[in-house]
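Here the structure is laid out as structure tokens; the discussion comes afterwards.
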Protein chains: 2
Amino acid sequence: MNGQFQIATHVLTLLCKQPGELLSSDYVAGSMNVNPVLVRKEMRKLRACGLIESKEGKTGGYSLALPPQKITFADVYKAVKLPPALGQAKNKPNPACPVGKQIGAHLDHLADEVEAAIIKKLSTITIFDFVNQFD
Amino acid sequence: MNGQFQIATHVLTLLCKQPGELLSSDYVAGSMNVNPVLVRKEMRKLRACGLIESKEGKTGGYSLALPPQKITFADVYKAVKLPPALGQAKNKPNPACPVGKQIGAHLDHLADEVEAAIIKKLSTITIFDFVNQFD
DNA sequence: TTTATCTGTAATAAAAAATATTACAGTACA
DNA sequence: TGTACTGTAATATTTTTTATTACAGATAAA
């Protein structure tokens with residue numbers, strides 16, 4: 001189970017709904033029953049990609065760095081860096097086998113195509129679109 | 001790390017390259033440095049979806065149930081049943097929060113769209129295409 | 001200037017998932 | 001009847017994810 005994308009999306013949704021306000025990791029974590037440190041870890045990734053900003057110290061917290069119309073889920077997906085959708089083999093196949101020798105490269109190519117398809121789909125949906133679905 | 005899709009693809013590739021022969025789980029497992037029981041588990045899924053056939057007893061083993069031109073990676077992906085590409089949250093968000101109350105349904109919808117995009121892409125590539133890439 | 005409340009980060013523990021191993025019943029062929 | 005497979009369960013090991021604890025550093029307010 002991997003809820004990193006969900007954490008990132010939840011925070012971005014809250015930030016989008018409360019523009020101007022700085023939200024703390026404790027507040028967000030409470031709103032989603034998750035540990036505050038996990039929230040801060042995801043926020044680090046989002047900040048590294050320029051999607052959010054953070055302020056330290058008392059009255060510190062997180063805010064959007066871009067208008068929500070400019071943030072797509074492709075940006076979120078890339079920032080969060082989930083494991084590949086098709087998984088990843090742990091063991092090296094037998095190089096003496098003609099199939100084993102080559103299959104790694106072909107599987108990598110297939111995985112790349114799938115990641116590209118995911119990103120293409122996600123790039124069509126912004127945080128703004130997502131939040132507008134809420135009542 | 002999840003190598004189930006890779007195991008299934010590796011076996012299907014070997015079966016495609018050696019048509020008519022029955023391959024044993026031990027043979028395949030040795031060719032990819034993986035445990036034979038894992039191979040048999042993946043084969044059960046592929047058989048449940050009608051992609052392969054198996055024969056018990058001495059001289060038993062696995063073979064394709066369809067011509068490789070008829071097997072797409074979408075079939076493989078559905079058979080193997082990987083965890084969702086966007087992950088899945090473990091904890092239920094706070095229902096008292098207006099965002100927490102609704103976000104699950106919206107995230108599910110997004111996940112469905114991504115799975116559909118993956119399957120659409122994978123449905124364009126057959127095992128036959130894949131194996132033809134090999135020297 | 002001191003205190004309170006945040007972020008940032010590391011270290012460690014606990015929980016969950018994937019893989020490996022062992023074991024053995026059942027099947028089919030020689 | 002012995003051999004070599006599949007099918008499957010039970011268990012152990014390894015890996016990954018999540019939770020917890022701890023604390024340094026930053027910033028605002030008392």
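Just so we're on the same page: letters track the sequence lines, and every chain starts at 1. Everything numeric in this text was worked out from a predicted model, so none of it was measured.
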Margin query: Determine whether a donor-acceptor pair (N or O, by modelled atom type, separation under 3.5 Å) exists between the side chain of Asn91(A) and the backbone of Asn33(B).
Written below: yes
Leu22(B) CG to dA28(C) P, in whole Å, measures 13 Å
Rounded to whole Å, the CG-C1' distance (Asn2(B) to dT19(C)) equals 10 Å
Rounded to whole Å, the NZ-C1' distance (Lys41(A) to dT20(D)) equals 11 Å
| For Lys70(B), does the NZ atom have more than 12 heavy-atom neighbours from other residues, nucleotides or ligands under 6.0 Å away? | no
Separation of dT17(D) atom P from Met1(A) atom CE, nearest Å, is 13 Å
Testing dT7(C), dC5(D), dT9(C) for proximity to the side chain of Arg44(A), the answer is dT9(C)
Note: for Gly61(A) and Val37(A) on DNA chain C, the residue whose nearest nucleotide lies more 5' is Gly61(A)
Rounded to whole Å, the CG-P distance (Leu38(B) to dT22(C)) equals 14 Å
To the nearest angstrom, the NZ-C1' distance between Lys58(A) and dG8(C) comes to 19 Å
So CG of Leu51(A) and CG of Leu64(A): to nearest 0.5 Å the spacing works out to 9.0 Å
**Message:** Keeping Gln6(B) on the side-chain end and Leu107(A) on the backbone end, is there a donor-acceptor pair under 3.5 Å?
**Reply:** no
Closest to the side chain of Thr59(B), out of dG8(C), dT6(D), dC29(C), is dC29(C)
- Message: Looking at dT5(C), I'd like to know if its phosphate oxygens (OP1 or OP2) sit under 4.0 Å from a side-chain N or O belonging to Tyr27(A).
- Response: no
- Query: At under 4.0 Å, does any side-chain N or O of Ser25(B) touch on OP1 or OP2 of dC5(D)?
  - Reply: no
Distance-only donor-acceptor test, Arg40(A) side-chain atoms vs dT9(C) base atoms, 3.5 Å: yes
Whole-Å distance, Glu56(B) CD to dC29(C) C1', equals 13 Å
Notebook entry, point to check: Checking Asp75(B) side chain against Thr72(B) main chain: does a donor-acceptor pair fall under 3.5 Å?
Noted result: yes
Notebook entry, point to check: Does dG8(C) have OP1 or OP2 sitting under 4.0 Å from an N or O in the side chain of Ser54(A)?
Noted result: yes
The reported gap from CD1 in Ile118(A) to NZ in Lys121(B) (rounded to nearest 0.5 angstrom) is 11.5 Å
Next item on the list: Give a yes or no answer on whether the side chain of Gln69(A) reaches the backbone of Thr126(A) with a donor-acceptor pair at less than 3.5 Å.
Entry: no
Nearest-nucleotide check on DNA chain D, Gln4(A) vs Asp26(B); residue mapping nearer the 5' end is Asp26(B)
Numerically ordered, the residues 76-108 of chain A set in heavy-atom contact under 4.0 Å with DNA chain D is Pro83(A)
Between CG of Asn35(A) and C1' of dA22(D) the distance, given in whole Å, is 13 Å
